[in-house]
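Okay, structure first, notes after.
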Amino acid sequence: MVRDRVVEIFRQALAEGAAQGRWPSIEAGFSVEAPRDPKYGDFAVNAAMVLAKPAGKPPRVLAQAIVEAVRAADARHELAGLEIAGPGFINVRVAPDVWLGALERAVAAGADYGRTAVGQGRKVIVEYVSANPTGPMHVGHGRNAVTGDGVQSLLRWAGFDVTREYYVNDYGAQVQTLARSVHLRYQELHGRAITFPPKAYPGEYVKDIAAALKAELGDRYLDAPEREWLAIFRDRAVQHVLGMIRGDLAAINIEFDRWSSEKALYESGTVQRFLKVLEEKDLVYVGKLPPPKSKKGQPPPPPQDGDAHDANDEGVAASEDLTLFRSSSYGDEVDRPVKKADGTPTYFCADIAYHWEKRQRAELLVDVLGADHGGYVPRLEAAMEALGGSRKDLHVVLIQMVNLTRGGAAVKMGKRAGNVVWLREVLDEVGRDAARFIFLTRRSDAPLDFDVELAKKQTLDNPVFYVQYGHARLAAIFAKAREAGHAVPEFELEAARTLTAPEEQDLIRRIAAFPDLLSGAALAFEPHRVAFYLQETIAAFHSWYTQGKRTGERVIGPDPRKTAARLFLCRALKQVLANGLAVLGVSAPERMESPETRDIDAEV
RNA sequence: GCGCCCUUAGCUCAGUUGGAUAGAGCGUCGGACUACGAAUCCGAAGGCCAGAGGUUCAAAUCCUCUAGGGCGCACCA
């Protein structure tokens, strides 16, 4: 907000100067940023350096002229200092009262502080999780879920009109494999000896589903041919698994506005209609898929993982005629099939139909996908463009692997080995808050080490604990203040002017920057920024607090005016922490259970 | 072989979309509590931003190449 004012004043001054022909109008834009080092002032503006070349004048000379124009534009004297420094920066010092005004606004906005209108109400669909309904969510899905939820939350805070969406892959080979797996267990429950093939789903939940089906259907489908039971078993199994997934999501506190079913896309005729559109637009043709990329006549790496979903990968005869989508004309490497040799649509076909349909409902689409789908992105973007939009209409957030560790040692897991770590297990052990926060302590496109032991620890090296403790500590201060007879602090400019210590000034600036932080993180689709901001801000608070203990300048002190001002600062800070945690879906506790208290409780 | 992502302090990672002297936490060493939560804080040491070129007033950030690591390269979803 404060920054917005600075931008506005400069923009006005630059426009006036340009109108008078003193320098060219600024098209490329200019930056107004808080410099790393506070000695350079509150904001550094690079306008003179940007204009130097088109103006044909040295940046420092230009800066001098700009400063004069800015002084003239600053009618209300909101800027207290303008200095030219370094290669041509204009360092701006904002009048102290302006900062204090930001503090006041933070408290006045309360639980809405941090909301902005940068999204202008534009419709955006964020699709995340979309785990195949073939089993419960594992830890990797958890990272996707939390990151996606952070993204949608940020977009909401930034003023976008957000729909949270889950795409259910309830059609195709994988859910059929699930159905067959269930049927095998169903036979087993009837006392039949079965051989469980490696490609079937091994999990215990498959037995649960089989038991439920046995209870419901008896032995009706025990010896029936597959075509009689496949659809029934599939639909029942998918419903059951979706129930588990909903439970997992509830456990991590995530809800969706819309569940879109792949099967429904077929049954409603959307896929067929979409294929017709592709033909009308001449985006498909019948041809042969070029042989897979390879050099020196070497065959491409064989598709050799034993994943359960590779149910029917018989070798591919590259010579058959297929219906191909002209994705290579839109930036993809090759054209991609939309129909298989047997004429049925491919997964890709339904998926772009889905994206096409989503695009009619929203201006901007966000997909949160596992990094193993990275190679899939170009063809999705190609589809966006081919269908008359822009590849920018879709933003894909890729989520890298989670390496689960326990006290530093890797916890082995992998679908192949059948030793998946379910999300629920981790949640039960470390709690929802810790899991959510730790998933966001790393950029999403880099692998994350998740240490279960660390996540449980009640010490400062556990970032969740550290931040929550800070919030609880602030709450404790208010409890103390109440006890000492201090009213809930209201803003009073005279009192607030006593907040002159460097640590206090630093905290005020952090509080004022919170809306910018959120909108920046939203536009970059990077929720981890919020997690880092919270850690840094709470560290600044702890530092100030402890400093106060040493110097005697405590929050609650002998001077009632200073006390009121500091309490007000604490109030704003607590609000910012609570809001930041709310964005991430992490609770902001009023008090923490202390180890000592727990010990005492245990003895009693 | 090709494409995408990654490489920053001993370890784990940030780095405000190209800004000034690259920052945190952990670990190491040394310090700080008679009062609001020491569950905290302060200080020190620690760097050729993987390497080499280029773009410009300015590069950890953008481009090219090289080296290492991850993922992908299906008529599967």
Side-chain angles (χ1 to χ4, degrees), chain A residues 31 33-37 40 44 46 49 52-53 58-59 85-89 91 132 134 169 171-175 262 289 292-296 298 300-301 303 307 309-314 316-318 320 322-323 333-334 336-342 344 346-348 350-351 370-378 398 400-401 408 441-443 445-447 449 451 458-461 463 465-466 469-470 472-473 475-481 483-484 513 516-517 520-521 523-524 528-529 532-533 535-536 539 542-550 554-557 591-592 594-596:
Chain A
S31 72
E33 287 176 351
R36 234 193 299 278
D37 192 333
Y40 293 121
N46 70 347
M49 291 182 288
K53 194 165 221 185
F89 284 106
N91 290 337
N132 286 336
T134 53
N169 300 130
Y171 190 75
Q174 293 186 14
V175 284
E262 182 187 7
L289 201 59
K293 283 260 169 71
S294 66
K295 244 190 170 169
K296 297 170 192 164
Q298 260 199 327
D307 264 16
H309 60 262
D310 298 336
N312 47 0
D313 57 89
E314 289 104 57
V316 172
E320 283 183 84
L322 297 166
T323 303
E333 282 177 35
V334 291
R336 307 286 177 178
V338 290
K339 279 188 194 172
K340 305 178 199 169
D342 64 6
T344 60
T346 58
Y347 173 82
F348 172 60
D351 201 23
D372 55 345
H373 289 68
Y376 189 72
V377 175
L398 290 180
Q400 270 288 357
M401 309 266 97
T441 52
R442 187 90 161 90
R443 259 189 1 251
D445 58 359
D449 292 324
D451 194 314
Q458 306 254 308
T459 58
L460 82 161
D461 46 331
F465 176 77
Y466 183 69
Y469 168 63
R473 197 179 212 186
I477 290 173
F478 287 108
K480 185 77 186 177
E483 223 171 86
D516 283 336
L517 170 96
L523 295 174
H528 75 273
R529 289 192 195 180
F532 281 95
Y533 168 87
Q535 291 183 74
E536 286 163 11
H542 283 312
S543 176
W544 171 58
Y545 177 91
T546 310
Q547 188 85 14
K549 276 180 92 161
R550 200 180 1 254
R554 310 180 67 105
V555 175
I556 301 166
R591 52 187 298 268
M592 308 286 281
S594 80
E596 295 91 65

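The figures here come from the full heavy-atom set of this structure, side chains too, leaving out hydrogens, waters and symmetry mates. The model shown is predicted, which means the values in this text are computed figures rather than measured ones. Here is the naming used below: chain letters follow the sequence lines, and residue numbers restart at 1 for every chain.
- OP1 or OP2 of B:C42 lies within a sub-4.0 Å distance of a side-chain N or O belonging to A:Ser543.
- Looking at heavy-atom distances under 4.0 Å, A:Ala479 makes no contact with the nucleic acid at all.
- Separation of the C1' atoms belonging to B:A22 and B:G15 is 8 Å when rounded to the nearest angstrom.
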* To do: Tell me, with the steps shown, if A:Phe478 and A:Val555 meet side-chain contact (heavy atoms from CB on, under 4.5 Å).
  => CA-CA 10 Å; A:Phe478 287 108; A:Val555 175; over 6 Å; no

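- Note that the CZ atom of A:Phe348 and the OH atom of A:Tyr376 stand 6.0 Å from one another [nearest 0.5 Å].
- Within 4.0 Å (heavy atoms only), A:Lys53 reaches sugar-phosphate atoms of the nucleic acid but no base atom.
- A:Arg336 contributes atom CZ, which lies 14.5 Å from atom OH of A:Tyr347 (distance to the nearest 0.5 angstrom).
- Nucleotides B:U61 and B:C5 place their C1' atoms 16 Å apart, quoted to the nearest Å.
- In this structure, A:Ile556 reaches the bases: a heavy-atom distance under 4.0 Å links it to at least one base atom across the strands shown.
- Across all strands, A:Arg554 comes closer than 4.0 Å to base atoms (heavy-atom distances).
- A:Glu483 comes within contact range of no nucleotide atom at all, as no heavy-atom separation falls under 4.0 Å.
- Looking at heavy-atom distances under 4.0 Å, A:Ala521 makes no contact with the nucleic acid at all.
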* Evaluate the criterion side-chain contact (heavy atoms from CB on, under 4.5 Å) for residue pair A:Lys549 and A:Arg554; output intermediate values, then yes/no. => CA-CA 6 Å; A:Lys549 276 180 92 161; A:Arg554 310 180 67 105; 3.3 Å; yes

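- Closest approach to the A:Glu333 side chain among B:G3, B:A20, B:A14 is made by B:G3 (side chain taken as heavy atoms from C-beta onward).
- Here the P atom of nucleotide B:A38 and the OH atom of A:Tyr466 are 13 Å apart, to the nearest Å.
- With rounding to the nearest 0.5 angstrom, the CG atom of A:Asn169 is 4.5 Å from the CG atom of A:Asn132.
- Closest to the A:Arg529 side chain, of the nucleotides B:C75, B:G72, B:G15, is B:G15.
- By the stacking rule of 5.5 Å between ring centres and under 30° between planes, A:Tyr40 stacks on the base of B:A20.
- Residue A:Ala52 is classed as having no contact, given no heavy-atom separation below 4.0 Å to the nucleic acid.
- Between A:Asp445 and A:Asp449, the residue anchored closer to the 5' end of RNA chain B is A:Asp445, taking for each the nucleotide with the nearest heavy atom.
- Using a 4.0 Å cut-off, no side-chain N or O of A:Arg36 falls inside it from OP1 or OP2 of B:A22.
- Contact annotation for A:Pro87: base contact, defined as any heavy-atom pair under 4.0 Å involving a base atom.
- Using atom C1' as the reference point in both B:U28 and B:G68, the two lie 29 Å apart (nearest Å).
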* Structure fact -> With both pairing distances under 3.5 angstrom for Watson-Crick or G-U wobble, and | for a partner in another strand, the correct string for RNA chain B is (((((((..((((.....[...)))).(((((.......))))).....(((((..]....))))))))))))....

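- Here OH of A:Tyr533 is found 9.5 Å from CD of A:Glu536. Values are rounded to the nearest 0.5 Å.
- Listed pair A:His528 / B:G15 meets the phosphate criterion, a side-chain N or O lying under 4.0 Å from OP1 or OP2.
- Side-chain N or O atoms of A:Ser543 include none that pairs as donor or acceptor with a backbone N or O of A:Ala539 at under 3.5 Å.
- Phosphate contact (OP1/OP2 of B:C33, side-chain N/O of A:Arg550, threshold under 4.0 Å): absent.
- Residue-level contact check: A:Ala44 touches the bases, meaning some heavy atom is under 4.0 Å from a base atom.
- Atom P of B:A9 sits at a distance of 16 Å from the matching atom of B:G25, rounded to the whole Å.
- For A:Asp445 and A:Arg443, the salt-bridge test passes: some basic side-chain N is under 4.0 Å from an acidic carboxylate O.
- Closest approach to the A:Glu33 side chain among B:G70, B:C6, B:U17 is made by B:U17 (side chain taken as heavy atoms from C-beta onward).
- Atom P of nucleotide B:C76 and atom CD of A:Glu262 are separated by 12 Å, given to the nearest angstrom.
- Of the P atoms belonging to B:A24 and B:C42, the separation is 10 Å, rounded to the nearest Å.
- Taking OG1 from A:Thr134 and CD from A:Gln174, the interatomic distance works out to 6.0 Å, rounded to the nearest 0.5 Å.
- Residue A:Gly172 is in sugar-phosphate contact alone, with no base atom involved, counting any heavy-atom pair closer than 4.0 Å across all strands shown.
- Nearest nucleotide to the A:Asn169 side chain, out of B:G19, B:A77, B:C36: B:A77.
- Heavy atoms of A:Tyr545 sit under 4.0 angstrom from at least one base atom.
- Counting non-hydrogen atoms under 4.0 angstrom, A:Ala472 reaches a base of the nucleic acid.
- Contact annotation: A:Lys549 side-chain N/O to B:A38 OP1/OP2 distance is under 4.0 Å.
- In A:Phe465, the CZ atom is crowded: over 12 heavy atoms of neighbouring residues, nucleotides or ligands sit closer than 6.0 Å.
- At a threshold of 4.0 angstrom between heavy atoms, the contacts of A:Asn46 include nucleobase atoms, whether or not backbone atoms are also involved.
- Taking every side-chain heavy atom of A:His542 into account, B:U40 is the closest of B:A77, B:A14, B:U40.
- Using a 4.0 Å heavy-atom distance criterion, A:Phe348 is classed as making no nucleic acid contact.
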